[in-house]
Amino acid sequence: MNGLRLACNLYGTTFSGVADNLGVNRANISIWNKSGIIPEKRIHELKMMFPEFANEDFSKELSEDEIIEIKKSHLCRLAKEHGFEIEIKKL
């Protein structure tokens, strides 16, 4: 799965929602998703929106292991925001 698509899925948003937050046309987001080429300025903004992702994650196909690690980080961050401390151990 592409990192930009995973970010949208995890945060319950759409390419249109991301476009609105960044002040760009939705078509730009679709182009970034298909081409994997995202302007550096926009990668920084995406990182601010989706902190669990590394800069390079947005523009590449993620491996299953990378997806799992990002989802774990996301769950830990959400738990911490709600006053819980969790530790997810490797199997």
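- For the 3.5 Å distance criterion, the side chains of Arg26 and Ser30 qualify, holding a donor opposite an acceptor.
- Here the CD1 atom belonging to Ile68 is positioned 8.5 Å from the OG atom belonging to Ser63, to the nearest 0.5 angstrom.
- Cluster membership for Met1 and Ile31, using ILVMFWY side-chain heavy atoms within less than 4.5 angstrom, is not shared.
- Considering every non-hydrogen atom in both Ala19 and Ile29, the closest pair reads CB-CG1, 3.7 Å.
- For the atom pair Lys41 NZ and Leu22 CG, the distance stands at 9.5 Å (nearest 0.5 Å).
- Here the CG atom belonging to Asn28 is positioned 12.5 Å from the CG atom belonging to Asn33, to the nearest 0.5 angstrom.
- The heavy-atom pair separating Gly36 from Ser59 by the smallest distance is O-CB, 2.9 Å.
- In this structure, Asn21 contributes its side chain and Val18 its backbone to no donor-acceptor pair below 3.5 Å.
- Here the CG-NZ distance, from Leu62 to Lys71, works out to 10.5 Å after rounding to the nearest 0.5 Å.
- Arg42 approaches Glu45 most closely through the heavy-atom pair NH1-OE1, 2.7 Å.
- One finds a salt bridge joining Glu66 and Lys60 here, because a Lys/Arg side-chain nitrogen approaches an Asp/Glu carboxylate oxygen to under 4.0 Å.
- The side-chain contact (heavy atoms from CB on, under 4.5 Å) test with Phe53 singles out one residue from Leu4, Leu46, Leu6, and that residue is Leu6.
- In this structure, Met49 is not a member of the same hydrophobic cluster as Leu75, with clusters built from ILVMFWY side-chain heavy atoms closer than 4.5 Å.
- Considering CH2 of Trp32 and CD1 of Ile37, their distance stands at 12.0 Å, rounded to 0.5 Å.
- When atom types are taken as modelled, the side chain of His44 and the backbone of Glu40 share no donor-acceptor pair closer than 3.5 angstrom.
- Checked options Ile70, Asp57, Thr13, Leu10; the residue passing with Phe50 is Thr13 (criterion: side-chain contact (heavy atoms from CB on, under 4.5 Å)).
- With rounding to the nearest 0.5 Å, the separation of CZ in Arg77 from CD in Glu81 is 4.5 Å.
- Within 6.0 Å of NZ in Lys47 there are more than 12 heavy atoms belonging to other residues, nucleotides or ligands.
- Closest approach of Phe58 and Ile43 over heavy atoms only: CE1-O, 4.2 Å.
- A 6.0 Å sphere centred on CD of Glu56 holds more than 12 heavy atoms belonging to other residues, nucleotides or ligands.
- Taking the six-membered ring for Trp and the full ring otherwise, His74 and Tyr11 have centroids separated by under 6.0 Å.
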